[in-house]
*Asks:* 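Please read through the structure below; I'll follow up with questions.
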Amino acid sequence: MDNSQKTFIITGATSGIGKETAKGLLKAGGRVVMIARNTKKAEQTEQELIADTGNKQLDILCGDLSLMEDVRKLAKTIIEKYPKIDVLINNAGVTYFKRTLTKEGFETTFAVNHLAPFLLTNLLLDLLKKSSPSRIINVSSEMHKRGVFCAVDLQWAKGYSWSKSYCSSKLYNILFSLELSKRLKDTGVTANALHPGLVKTNIGAGQGIMSFTKRVVDVFAINSFEGAKTSIHLAISDEAESITGKYFEKCKQVLPVSKYLTEENARLLWEASSNMAGL
Ligand SMILES: NC(=O)c1ccc[n+]([C@@H]2O[C@H](COP(=O)([O-])OP(=O)(O)OC[C@H]3O[C@@H](n4cnc5c(N)ncnc54)[C@H](OP(=O)(O)O)[C@@H]3O)[C@@H](O)[C@H]2O)c1
């Protein structure tokens, strides 16, 4: 497949799975637009990725995905700057040991892992449709299996733990992909979710007790090169072009597992998220 005329937007490419995914897409010849919160880190990553791949078609857009005002600015810039988007990869993700709120009043894990991809994708939908065939990829996790969908407390105001918040946000990623694929029927825009594997990255770093657990878990983890394979597969393989509304692991379609994965919950999440994001 010729990727030289393709534009790939990816969030969270300054580290871990996102950085390797960006590298893979640059190696495949595409133009990559990284959305990053830390300008200095993004510039260092840019230099590194260009040196590694020899592909200079790499742009940086800076913004904090925990803030919906930044997400709106990012979407506006993308729409003004790029005549088409072939692939949007919602990859950035966080987990926090303690519950914190953003200055806009959202629980931070919920804001970064769910509301930001929800809003960014929705604001870019017209451009994605105009660019069809195009693809939306949501990086979820196997941890969705431990997530809970509670329509009246999506942000864990009661009984917060890092695990409840993170796992539920990854469940929301799949519910979002399901509803999105339904709404995008016959538009030529696909929406899928994936589990990258258990990957040694920076996620959860510097989070007290979690950092210790992480060091233990990391012994069993794969590296980011392996962890990026499913994202890259969904982004550029011919095989994935027409598949939508599915969940992938190790580059293969598998069934996500949760009693909360229902059409009704997907619809409720969409409605609640639209209200919260002011759509
Ligand atoms: N690692 C695993 O085992 C695993 C397993 C299943 C799913 N996942 C998923 O994979 C995705 C990537 O995670 P990772 O493991 O590669 O973690 P990572 O190394 O910590 O990378 C996360 C990326 O997201 C960016 N990010 C975080 N908060 C942001 C914000 N507010 N605004 C903009 N960018 C922000 C980070 O930027 P900075 O560089 O500035 O921090 C970084 O580039 C996540 O969605 C995660 O849930 C990971």
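Residues take their numbers from the sequence shown, with the count starting at 1. Model, not experiment: these values are computed from the prediction. Side chains are part of it too, since the values below use all heavy atoms of this structure and drop only hydrogens, waters and symmetry mates. We count ligands from 1, going down the list as the structure has it; atoms in each ligand are counted the same way.
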*Asks:* For atom 20 (O) of ligand 1, what's the nearest protein heavy atom and its distance?
*Replies:*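 Here the closest protein heavy atom is Ile203 N, 3.1 Å.
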
*Asks:* Quick one: are Phe149 and Tyr172 in side-chain contact, heavy atoms under 4.5 Å?
*Replies:*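 The answer is yes, as the side chains (C-beta and beyond) meet within the 4.5 Å cut-off.
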
*Asks:* Salt bridge between Arg267 and Glu264, side-chain N to carboxylate O under 4.0 Å?
*Replies:*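 Looking at Arg267 and Glu264, the cut-off is met.
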
*Asks:* Look only at interatomic distance and state if Gly18 has a nitrogen or oxygen under 3.5 Å from any nitrogen or oxygen of ligand 1.
*Replies:*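 No.
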
*Asks:* How far is atom 37 (O) of ligand 1 from its nearest protein heavy atom, and which residue and atom name does that atom have?
*Replies:*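 Looking at atom 37 (O) of ligand 1, the protein heavy atom closest to it is Thr14 OG1, 3.3 Å.
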
*Asks:* For the CG atom of Leu88 and the OG1 atom of Thr7, what is their distance to the nearest 0.5 Å?
*Replies:*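 If I round to the nearest 0.5 Å, the distance is 12.0 Å.
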
*Asks:* Could you identify the single nearest non-hydrogen protein atom to atom 11 (C) of ligand 1 and state the distance to 0.1 Å?
*Replies:*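 Ranking protein heavy atoms by distance from atom 11 (C) of ligand 1, first comes Asn91 O, 3.0 Å.
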
*Asks:* Can you report which non-hydrogen protein atom sits closest to atom 16 (O) of ligand 1, along with the distance?
*Replies:*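 Checked against all protein heavy atoms, atom 16 (O) of ligand 1 sits closest to Ile17 N, 2.9 Å.
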
*Asks:* Can you pull out the closest protein heavy atom to atom 15 (O) of ligand 1? Residue, atom name and distance to 0.1 Å, please.
*Replies:*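 Here the nearest protein heavy atom works out to Thr201 OG1, 2.6 Å.
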
*Asks:* Between Leu194, Leu65, Val139, Thr11, which one has a non-hydrogen atom sitting closest to atom 10 (O) of ligand 1?
*Replies:*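 Of the listed residues, Val139 has the closest heavy atom.
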
*Asks:* Should you measure from each heavy atom of Pro196, which atoms of ligand 1 turn up under 4.0 Å away?
*Replies:*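 Under 4.0 Å from Pro196, ligand 1 has these atoms: 5 (C), 6 (C), 7 (C), 8 (N).
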
*Asks:* Do Arg183 and Trp270 meet the cation-pi criteria used here (NZ or CZ under 6.0 Å from the six-membered ring centre, within 45° of the axis)?
*Replies:*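 Yes - Arg183 lies over the ring of Trp270, closer than 6.0 Å to its centre and within 45° of its axis.
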
*Asks:* Nearest protein heavy atom to atom 22 (C) of ligand 1, by residue and atom, and its distance?
*Replies:*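 Nearest neighbour among protein heavy atoms for atom 22 (C) of ligand 1, to 0.1 Å: Gly93 O, 3.7 Å.
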
*Asks:* Please work out whether any backbone atom (N, CA, C, O) or any side-chain heavy atom from C-beta onward of Lys19 is under 4.0 Å from ligand 1, and answer side chain, backbone, both or neither.
*Replies:*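 Neither part.
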
*Asks:* Quick one: does Phe106's side chain get under 4.5 Å of Leu67's, heavy atoms only?
*Replies:*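 Answer no - side chains too far apart.
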
*Asks:* Heavy-atom distance to atom 35 (C) of ligand 1: which of Lys200, Arg37, Glu249 wins?
*Replies:*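 Among Lys200, Arg37, Glu249, the closest heavy atom to atom 35 (C) of ligand 1 comes from Arg37.
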
*Asks:* Can you sort out which atoms of ligand 1 are near Ser66, meaning under 4.0 Å from one of its heavy atoms?
*Replies:*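 In order of number, 31 (N).
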
*Asks:* Does the separation of the ring centres of His144 and Tyr247 fall below 6.0 angstrom?
*Replies:*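 Yes, ring centres under 6.0 Å apart.
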
*Asks:* Among all the protein's non-hydrogen atoms, which is closest to atom 25 (C) of ligand 1, and how far away is it?
*Replies:*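 The closest heavy atom on the protein side is Gly12 CA, 3.7 Å.
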
*Asks:* Can you name the atoms of ligand 1, numbered from 1 with element, that are less than 4.0 Å from a heavy atom of His195?
*Replies:*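 Ligand 1 atoms under the 4.0 Å threshold to His195: 6 (C).
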
*Asks:* Is any side-chain N of the basic residue among Lys170 and Glu142 closer than 4.0 Å to the acidic one's carboxylate O?
*Replies:*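 No, this pair does not count.
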
*Asks:* Go through the steps to decide whether Asn90 and Asn138 satisfy the test side chain to side chain donor-acceptor pair (under 3.5 Å), and finish with yes or no.
*Replies:* CA-CA 5 Å; Asn90 290 308; Asn138 295 315; 2.8 Å; yes

*Asks:* Counting heavy atoms only, which of Asp70, Val199, Thr109, Ile222 is nearest atom 1 (N) of ligand 1?
*Replies:*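 Ranked by closest heavy atom to atom 1 (N) of ligand 1, first place is Val199.
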
*Asks:* Heavy-atom distances under 4.0 Å decide this one: backbone, side chain, both or neither, for Thr95 against ligand 1?
*Replies:*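 Answer for Thr95: neither.
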
*Asks:* With rounding to the nearest 0.5 angstrom, report the OG1 to NZ distance, Thr45 to Lys23.
*Replies:*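 So the gap between those two atoms works out to 11.0 Å.
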
*Asks:* Charged N to carboxylate O under 4.0 angstrom, Asp86 versus Arg135?
*Replies:*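 Salt bridge: no.
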
*Asks:* Under 4.5 Å between side-chain heavy atoms, counting indirect links through other Ile/Leu/Val/Met/Phe/Trp/Tyr residues: same cluster for Phe110 and Leu180 or not?
*Replies:*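 Yes, same cluster.
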
*Asks:* Is there a heavy atom in Gly197 that sits closer than 4.0 Å to ligand 1?
*Replies:*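 Yes, Gly197 has heavy atoms under 4.0 Å from ligand 1.
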
*Asks:* Within ligand 1, which atoms have a heavy atom of Leu198 less than 4.0 Å away?
*Replies:*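 Reading through ligand 1 atom by atom, the close ones are 3 (O).
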
*Asks:* State plainly whether the residues Lys27 and Glu20 are in salt-bridge range, i.e. N to O under 4.0 Å.
*Replies:*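 No, this pair does not count.
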
*Asks:* Can you sort out which atoms of ligand 1 are near Asp64, meaning under 4.0 Å from one of its heavy atoms?
*Replies:*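 Counting atoms of ligand 1 from 1, those under 4.0 Å from Asp64 are 30 (C), 31 (N), 32 (N).
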
*Asks:* Should Ser141 be counted as touching ligand 1, given the test is an N or O pair under 3.5 Å?
*Replies:*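 N/O-N/O distance under 3.5 Å: no.
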
*Asks:* Under a 4.0 Å threshold between the charged nitrogen and the carboxylate oxygen, would Lys229 count as salt-bridged to Glu226?
*Replies:*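 Lys229 and Glu226: salt-bridged.
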
*Asks:* Does a donor on one side chain and an acceptor on the other come within less than 3.5 Å for Glu249 and Thr230?
*Replies:*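 Distance-only check fails for Glu249 and Thr230.
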
*Asks:* For the backbone of His195 and the side chain of Ser141, can you confirm whether one donor and one acceptor N or O come within less than 3.5 Å of each other?
*Replies:*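 A pair under 3.5 Å: no.
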
*Asks:* In ligand 1, which numbered atoms sit nearer than 4.0 Å to a non-hydrogen atom of Gly16?
*Replies:*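 Answer for ligand 1: 16 (O), 19 (O).
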
*Asks:* Looking at ligand 1, is there an atom of it that comes within less than 4.0 Å of some heavy atom belonging to Ser140?
*Replies:*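 Yes.
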
*Asks:* Compare all side-chain heavy atoms of Thr14 with those of Asn38 and state whether any distance is below 4.5 angstrom.
*Replies:*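 Result no, sub-4.5 Å side-chain heavy-atom pair not found.
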
*Asks:* For ligand 1, indicate whether the residue Lys170 contacts it via side chain, backbone, both or neither (heavy-atom separation under 4.0 Å).
*Replies:*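 Answer for Lys170: side chain.
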
*Asks:* Under 4.0 Å from any heavy atom of Val94, which atoms of ligand 1 are there?
*Replies:*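 Listed by number with element: 27 (C), 28 (N).
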
*Asks:* Using a strict 4.0 Å cut-off to heavy atoms of Ser15, name the atoms of ligand 1 that fall inside it.
*Replies:*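 Matching atoms, with element in brackets: 18 (P), 19 (O), 21 (O), 39 (O), 42 (C), 43 (O).
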
*Asks:* Suppose we measure from atom 47 (O) of ligand 1 to each protein heavy atom; which comes out shortest, and what is that distance?
*Replies:*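 Residue, atom and distance for the closest contact: Tyr166 OH, 2.6 Å.
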
*Asks:* Just to be sure I'm reading this right: ignoring hydrogens, which of Ser169, Ala111, Ala92 gets closest to atom 24 (O) of ligand 1? Compare them by their nearest heavy atoms.
*Replies:*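 Answer by nearest heavy atom: Ala92.
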
